[in-house]
Amino acid sequence: MRGLTHRPGLLETFVAAAMLAAGCGKDPSGKPTAPPPDLKALVAQADAMAARGLNVEAALHLKPWLESFPQSERGAAQLRVARFYHGGNVHDLSLKYAEAAIAAGTVDPEALYITGDAQRTLFKAEARATLERLLALEPGHCLGRLSLARLLFRAADPASSLPLFESYFEAAAPDDPHQPVAVLEHARALRAAGRCQEAADRFAMLLEQDPLDAKLYSELASALYRLKLRKEARFVEEIYKLVSQSSFDEHVEARLRETGATAFALGQQAANRTRQRRYLEAFTAYRRAIEVDPVDPRLRIYLADLCIQFRRFP
C-alpha cells in the first residue's frame, strides 16, 4: 500500500502499552511485570480478537501469560495460542505451541491437527505420520483429511489423495472457509492424477468466482496443455500475463497479515481492490483497517481519497 511500512516490534510495543494501561504490564522482553489479569477475561479478549480476524494479535495478547495458568489448564491455553497462530498462517509458531500443548498432556485432536498441518506446510518429514495418527484416532476429522490429501498429492501419490478430498467435500459445511483452497488443491490433484478434463472444469469454476486470481489462469493453462488444447491454453496464458502483473501486491498483503500487521494488510487489500476496480470491497477493507488501527492517519487519508473519487464528501 502506498507509504505503508511495517516496523519490526511495532505491534509488540503497541500490545505492551495497551496492557500496561490496563494495569497488567509486561517488560520489553515480554515477561509479565504485574499480577496477571483475570485469566477467563484474558481468554475472552483473545477469542474476541481472533473472531475479528486478528489472529496474530490474539496470540500476542495471550501468550505472555501462559505460565500464569494452572498446570491443569496450561495445555489448553497453549493450544489456543497455537490455534491463533495457525489461523494467522504463522506455521512455525503454531507448531511450537501445538507441540507444547501435547507435551502438557492435551488430548484434544485439534492439537494433532495443527501439528500435522503445520509440519506439512513447513515440509517436515513427520507430517504424514502425524496426520495419519490423527485420522486413526478420529477418522471423521474433516480438516485432517484435507491436510493429508494436500500432502499426498504432492508426495507423488495423487491417486490416493482423491478419496480424501472427496470425503472432505462430503463432510465440510458449505461455508467452510477452507472450501476454496480445497477445490483448488483437488483440481491440482486431479490434473496430477491424469484426470485433466475434470481438473480444467474445477479451475474454470474457481475463475467464475474470482476472475482476477492470476494463479488460476496458470493452472487452467497447464491443464489445457495436457489436454492438447494448445490454442486455448496460449489464450489463457496471455490473460495470466496481464492479470499477474499485480500478484506482488497480493503477496505483500499476505505477508503483512502473517506478521501481525493486520491493519496494514487490510490497507494493502483495499489498495489492491481499488486497483482491480472492486470498489465496494476496497471501502470495506479500509473501514476494517481503521477499526483495527484507529490511530494511524494514513488509513483515513487513503479512505478519504477513495471517498472523494466517488463524491462521498461528508
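Treat the numbers as computed from the prediction; the structure is a model and nothing was measured. We use all heavy atoms of the structure for the numbers below, so side chains are in, but hydrogens, waters and symmetry mates are not.
- For the residue pair N55 and G88, the shortest heavy atom distance occurs at CB-N, 3.7 Å.
- Between L62 and L42, some side-chain heavy-atom pair lies under the 4.5 Å cut-off.
- The main-chain N or O of A111 is found under 3.5 Å from a side-chain atom of T115 such that the two form a donor-acceptor pair.
- Under the side chain to side chain donor-acceptor pair (under 3.5 Å) rule, Y225 has a single partner from R230, E237, R234, which is E237.
- Side-chain contact check for E219 and Y240: no donor-acceptor pair (N or O, by modelled atom type) lies under 3.5 Å.
- Under a cut-off of 6.0 angstrom, the local environment of CZ in F313 is crowded, with over 12 non-hydrogen atoms contributed by other residues, nucleotides or ligands.
- Ring orientation note: the planes of Y113 and H86 are nearly perpendicular, at an angle over 60° on the 30°/60° scale.
- Among all heavy-atom pairs drawn from L216 and L184, the shortest one is CD2-CD1, 3.7 Å.
- Contact annotation: the side chain of P70 approaches that of L39 to within less than 4.5 Å [non-hydrogen atoms, C-beta and beyond].
- Between A189 and S161, the shortest heavy-atom distance links the atoms CB-OG, 3.7 Å.
- Annotation: the span from E132 atom CD to L137 atom CG amounts to 12.0 Å, rounded to 0.5 Å.
- L152 places a side-chain heavy atom less than 4.5 Å from the side chain of R128.
- Under the 4.5 Å side-chain heavy-atom criterion for Ile, Leu, Val, Met, Phe, Trp and Tyr, L224 and L207 are members of the same hydrophobic cluster.
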Exercise for the section: Could you walk me through whether R154 and E185 pass the salt bridge (charged side-chain N to carboxylate O under 4.0 Å, His left out) test, one step at a time? Expected result: CA-CA 10 Å; R154 284 185 167 81; E185 294 281 82; 2.5 Å; yes

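- The two atoms that bring S147 and L131 nearest to each other are OG-CD1, 3.5 Å, heavy atoms only.
- Take A172 and apply the side chain to side chain contact (heavy atoms under 4.5 Å, CB included) test, not counting sequence neighbours, and it matches C142, Y168, D176, Q179.
- Between the R74 side chain and the E67 main chain, a donor and an acceptor come within less than 3.5 Å of each other.
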Exercise for the section: Test E291 against R52 for side-chain contact (heavy atoms from CB on, under 4.5 Å), laying out the working first. Expected result: CA-CA 10 Å; E291 178 187 352; R52 293 167 54 207; 3.6 Å; yes

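- In summary, the side chains of Y85 and K96 do not present any donor paired with an acceptor at a separation below 3.5 Å, with no hydrogens or angles considered.
- Remark: K63 NZ to L66 CG distance equals 9.0 Å, nearest 0.5 Å.
- F84 and Y97 have their aromatic ring centers separated by at least 6.0 angstrom.
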Exercise for the section: Would you sort out whether R120 and L122 count as a side-chain contact (heavy atoms from CB on, under 4.5 Å), showing the intermediate values? Expected result: CA-CA 5 Å; R120 174 189 64 80; L122 297 169; over 6 Å; no

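- Between F165 and F153, the ring planes lie tilted relative to each other; the angle falls in the 30° to 60° range.
- For the pair V56 and L60, the minimum side-chain heavy-atom distance is below 4.5 Å.
- Annotation: side chain of H186 is in contact with side chain of L162 (closest heavy-atom distance under 4.5 Å).
- Panel note: side chain Y279, backbone F310; no donor-acceptor pair is recorded below 3.5 Å.
- For the atom pair CE (M205) and CG (D201), the distance works out to 9.5 Å, reported to the nearest 0.5 Å.
- Here the CD-CZ distance, from Q309 to R311, works out to 12.5 Å after rounding to the nearest 0.5 Å.
- Side chains of D108 and L79 form a contact here, defined as non-hydrogen atoms less than 4.5 Å apart.
- For the pair Q119/H91, no side-chain contact is recorded, criterion being any heavy-atom separation below 4.5 Å from C-beta on.
- Taken to the nearest 0.5 Å, the OG atom of S94 stands 9.5 Å off from the CD atom of E99.
- Without hydrogens or angle criteria, R191 side chain to R226 main chain gives no donor-acceptor distance under 3.5 Å.
- Q78 places none of its side-chain heavy atoms less than 4.5 Å from the side chain of T106.
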